[in-house]
Amino acid sequence: MITASSLLKPQTLCDIAQIQLGHNVADFGCGSHGILAHHLAHTVGESGKVYAVDVRPRAVEMGGRSPGILAPPTPIEPIWADIEHYGACGIPH
């Protein structure tokens with residue numbers, strides 16, 4: 001059974017969404033710690049791409065630099081955007 005609390009676990013979310021090596025993914029509302037974005041980067045590997053999107057500029061600045069998190073194999077691209085507006089984040093299709 002999928003519950004709200006189970007979706008807060010990065011591995012569970014990746015398993016449910018079937019995220020694999022080489023995928024391009026986005027973490028909308030990444031927050032200042034970027035924990036999900038980091039997990040995504042490890043899951044998609046060097047051949048994938050991760051976008052960390054947040055409406056708060058400070059969150060985008062800090063995402064990807066949380067202490068104690070192993071550096072990901074692929075760069076995380078931070079994007080400031082208000083996702084209430086269609087196309088605002090500029091992530092390619």
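The basis for the numbers below is simple: all heavy atoms, side chains too, and nothing from hydrogens, waters or symmetry mates.
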Please determine whether the number of non-hydrogen atoms from other residues, nucleotides or ligands lying under 6.0 Å from atom CD of E46 exceeds 12. no
Would you say CD of Q11 has more than 12 non-hydrogen atoms from neighbouring residues, nucleotides or ligands within 6.0 angstrom? yes
Using every non-hydrogen atom in the two residues, find where [X] and [Y] come nearest and quote the distance to one decimal.
{"X": "I19", "Y": "H23", "answer": "CA-ND1, 3.6 Å"}
{"X": "C89", "Y": "I79", "answer": "O-CG2, 3.4 Å"}
{"X": "V50", "Y": "A37", "answer": "CG1-O, 3.8 Å"}
{"X": "P10", "Y": "I35", "answer": "CG-CG2, 4.3 Å"}
{"X": "K49", "Y": "V44", "answer": "N-CG2, 3.9 Å"}
{"X": "V53", "Y": "I83", "answer": "CG1-CG2, 3.9 Å"}

Donor-acceptor under 3.5 Å (D54 side chain, G31 main chain): yes
Examine L13 and I76 and state if one hydrophobic cluster contains both, with Ile, Leu, Val, Met, Phe, Trp and Tyr joined whenever side-chain heavy atoms are less than 4.5 Å apart. yes
What's the spacing between [X] [atom1] and [Y] [atom2] if we round to 0.5 Å?
{"X": "D27", "Y": "H38", "atom1": "CG", "atom2": "NE2", "answer": "11.0 Å"}
{"X": "Q20", "Y": "D15", "atom1": "CD", "atom2": "CG", "answer": "10.5 Å"}
{"X": "L36", "Y": "L40", "atom1": "CG", "atom2": "CG", "answer": "4.0 Å"}

